[in-house]
J.: 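Take this structure first; my questions come after.
Worth knowing before you read on, the calculation uses all heavy atoms, side chains too, and leaves out hydrogens, waters and symmetry mates.
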Amino acid sequence: MWSAVLALVGWSAGWWLFGSPRLLGVRPGDVHPSTVYEVPPISIVIPARNESASLPNLLGDLSRARPIGSEVIVVDDCSTDDTRAIALGFDGVSVFDAGPTPDGWLGKSWACHIGAHAARSEVLIFLDADVRVEPGAIEAVIRELQSRGGLVSVEPYHEVEQHWEDASALFATVSVMGIGAGRSGEPMGAFGPVMATTRADYDLVGGHRAVRAEIVEDIALARRYSAADRSVSVMVGGPELRFRMYPDGPRSMVEGWTKNFATGAGSTPKPRLAAAVLWLAAMGTTISMLAGSMGQLGQAAGALTLCGLFAWQVGSMFSRLGNFSRLAGVLYPLWLAVFFAVFFRSLWATRVRRAVQWRGREVPLTLGSNA
């Protein structure tokens, strides 16, 4: 009975945590913004390290989908592939070499810092190289910035092509929960793949220099905005603003979530973190109940009902965040096992080794006090 109570309480906590994330709405007027409002000059900054597979897609999109008069800046962060040559092959793209990362900095923040200071416009949009944009998406982000000010960030819609990529669904869901993207009030962070701000606010909070040593620089930067009494707005993207996070295979997915997850968990407010732990524990409880009810028809029926509730719940959440498989919710026991394996790997890397691997580079975790 107590296991069933725990499962139901955790299930309810999951709905509270996830809430109703706001969708970035691309309106017809965003595609032809001059008919609705004036789009200010913008600078799009793309930090890129070994992005030869993804960067051509984004730059091709921007050649068709960026506002007239905007500039695109690619900062090559010591790539060992053709990233720089690919960027130079697109007309209207300025390419800067980040050079060696200075002491006290981490690579992405350094690249964003270089791009921001090279930009000529008063509106800055930072895009990860794996983001895809359709016409009107950039204008929709600018409209949100004009309306809300401060820092606007978007978690792109997850584009899934291989079945193993469904494993990211639970990580993405917990990230949305941890930041509080679906709840009212000020969010507890931002989504790094898409961030927009004015130069005035960016300089006021210290920009990426202020978070130069942070692994999860997006969360740290959002907190700088909140501390400076500047608005932070988060939302999720649709097909017009999407990304495929880990096209290089399961290893890159494990490295990516290892880099972000334990550090991000440490930045989550304790009540929200406790509710997330309760939700995950409740999912695990349903699996244990089902396994322990074999041969007992009544208990098995109850356990199956609870498993069905969780499968429906996580499936509904996954569908808000990406085109994950229809079976992704039913397979939540598998994704839960992957989640905990990667989470404990992340704890080992961040608390014991004090370093993580990403994009062929070892990232030390001894710089946080310098941020």
Side-chain angles (χ1 to χ4, degrees), residues 1-21 158 163-183 188 250 253-254 257-258 260-322 324-351:
M1 182 184 70
W2 290 112
S3 295
V5 170
L6 171 63
L8 290 172
V9 171
W11 185 76
S12 300
W15 286 123
W16 175 82
L17 281 167
F18 191 76
S20 183
H158 288 257
H163 291 303
W164 58 265
E165 294 176 84
D166 283 339
S168 279
L170 188 57
F171 291 96
T173 301
V174 173
S175 294
V176 167
M177 290 176 167
I179 286 176
R183 307 300 308 171
M188 276 67 73
M253 181 189 71
V254 171
W257 288 117
T258 295
N260 291 329
F261 230 71
T263 308
S267 303
T268 303
K270 288 182 172 57
R272 184 165 289 275
L273 180 61
V277 170
L278 174 62
W279 181 63
L280 294 166
M283 277 196 281
T285 296
T286 63
I287 301 167
S288 298
M289 290 176 64
L290 184 61
S293 65
M294 297 302 177
Q296 303 178 52
L297 186 59
Q299 291 185 19
L304 278 172
T305 299
L306 290 171
C307 287
L309 285 174
F310 273 99
W312 169 62
Q313 181 186 57
V314 297
S316 299
M317 294 174 179
F318 294 172
S319 67
R320 294 287 302 275
L321 304 181
F324 299 104
S325 165
R326 292 183 180 180
L327 291 177
V330 176
L331 294 176
Y332 79 86
L334 175 60
W335 311 139
L336 188 65
V338 173
F339 178 92
F340 280 116
V342 173
F343 183 75
F344 285 117
R345 184 179 188 269
S346 184
L347 281 177
W348 172 263
T350 55
R351 300 293 188 260

J.: Identify the heavy atoms of Pro21 and Val176 that sit nearest to each other, and give their distance.
T.: CG-CG1, 3.9 Å

J.: For Arg272 and Met177, indicate whether the former's side chain and the latter's backbone hold a donor-acceptor pair under 3.5 Å.
T.: yes

J.: Measuring from atom CG of Leu8 to atom OG1 of Thr305, what distance do you get when rounded to the nearest 0.5 angstrom?
T.: 10.0 Å

J.: Do you know the tightest heavy-atom contact between Gly10 and Ala282?
T.: CA-CB, 3.6 Å

J.: Could you tell me which non-hydrogen atom of Ala13 sits nearest to which non-hydrogen atom of Ala275, and how far apart they are?
T.: CB-O, 4.3 Å

J.: So, taking the atom named OG in Ser20 and the one named CZ in Arg320, what distance separates them when rounded to the nearest 0.5 Å?
T.: 4.5 Å

J.: Do you know which two heavy atoms are closest between His158 and Ala172, and how far apart they sit?
T.: NE2-CB, 3.5 Å

J.: So, taking the atom named OG in Ser12 and the one named CG in Leu17, what distance separates them when rounded to the nearest 0.5 Å?
T.: 11.0 Å

J.: Is there a side-chain contact between Leu170 and Val338 (heavy atoms, below 4.5 Å)?
T.: no

J.: Can you find a heavy atom in the side chain of Trp11 that is under 4.5 Å from one in the side chain of Leu278?
T.: no

J.: Any side-chain heavy-atom pair from Phe339 and Tyr332 closer than 4.5 angstrom?
T.: no

J.: Using a 4.5 Å cut-off on heavy atoms from C-beta on, say whether the side chain of Val342 contacts that of Met253.
T.: no

J.: When rounded to the nearest 0.5 angstrom, what distance separates OG1 in Thr286 from CG in Leu306?
T.: 7.0 Å

J.: Any side-chain heavy atom of Arg183 sitting closer than 4.5 Å to one from Trp16?
T.: yes

J.: So do the side chains of Met317 and Trp15 get within less than 4.5 Å of each other, counting heavy atoms only?
T.: yes

J.: Between Trp164 and Trp335, does the ring centroid distance fall short of 6.0 Å?
T.: no

J.: Between Ser168 and Trp257, does the side chain to side chain donor-acceptor pair (under 3.5 Å) criterion hold? Intermediate values first, please.
T.: CA-CA 8 Å; Ser168 279; Trp257 288 117; 3.1 Å; yes

J.: Does any non-hydrogen side-chain atom of Leu304 lie less than 4.5 Å from one of Leu290?
T.: yes

J.: For the CG atom of Leu331 and the CG atom of Leu336, what is their distance to the nearest 0.5 Å?
T.: 12.5 Å

J.: Report yes if some heavy atom in the side chain of Phe310 is under 4.5 Å from a heavy atom in the side chain of Trp279; otherwise report no.
T.: yes

J.: Could you check whether any side-chain N or O of Asp166 sits under 3.5 Å from a backbone N or O of Ser325, counting only pairs where one atom can act as donor and the other as acceptor?
T.: yes

